[in-house]
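A quick write-up on the structure given underneath.
Source: prediction; values computed, not measured.
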Amino acid sequence: DPEGRYSDRRYMKASTDEKDQLEKLRTANMTAAQYMAKLKDRGYQITAVNDKEADHLEYEILKGDNSYEVQLDVDAKTKVIKEVAETALKGRRR
């Protein structure tokens, strides 16, 4: 059964849909802090933060069984997001 409960196909589609939603959360002139507030409002838990570089931020976020690494390229002075990239991390299975 290719669409059965033992198939990863349905998890991959859900992950792709989720990544699209993460990209669409960003609006023009949005700061990194505003983006993270939106993520929290949508039920994501922020589990790790890497903010060592002034123009690049990385967050590991979790929702349900899926975790993602969100990378934000930002203006070093204003913290306005220039680009958002997401990577699905291996899903957590309970």
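Side-chain atoms of E69 and Y59, non-hydrogen and from C-beta on, never get closer than 4.5 Å to each other. The closest side-chain heavy-atom distance from L39 to I61 is below 4.5 Å.
Closest heavy-atom contact between D55 and A76: CB-CB, 4.4 Å. The nearest pair of heavy atoms linking L22 to Y68 is CD1-CG, 4.0 Å.
Taking a 6.0 Å sphere around CG of N29, one finds it holds 12 or fewer heavy atoms contributed by other residues, nucleotides or ligands. In K82, the NZ atom is crowded: over 12 heavy atoms of neighbouring residues, nucleotides or ligands sit closer than 6.0 Å.
A distance of 10.5 Å separates NZ of K79 from CG of L72, quoted to the nearest 0.5 Å. Here the straight-line distance linking atom NZ of K38 with atom CG of L25 works out to 6.0 Å at 0.5 Å rounding. Within the model, atoms OG1 of T31 and CZ of R26 stand 11.5 Å from one another, a figure rounded to the nearest 0.5 Å. From I81, atom CD1 reaches atom CD of Q34 across 8.0 Å, with rounding to the nearest 0.5 Å.
Counting only distance, with no hydrogens or angles, the side chain of T27 and the backbone of M30 share no donor-acceptor pair below 3.5 Å.
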Donor-acceptor contacts, no H, no angles, side chain residues 42-51, under 3.5 Å, sequence neighbours left out:
unit_1 : atom_1 : unit_2 : atom_2 : d
Y44    : OH     : E18    : OE2    : 2.1
T47    : OG1    : E60    : O      : 3.1
N50    : OD1    : K52    : N      : 3.2

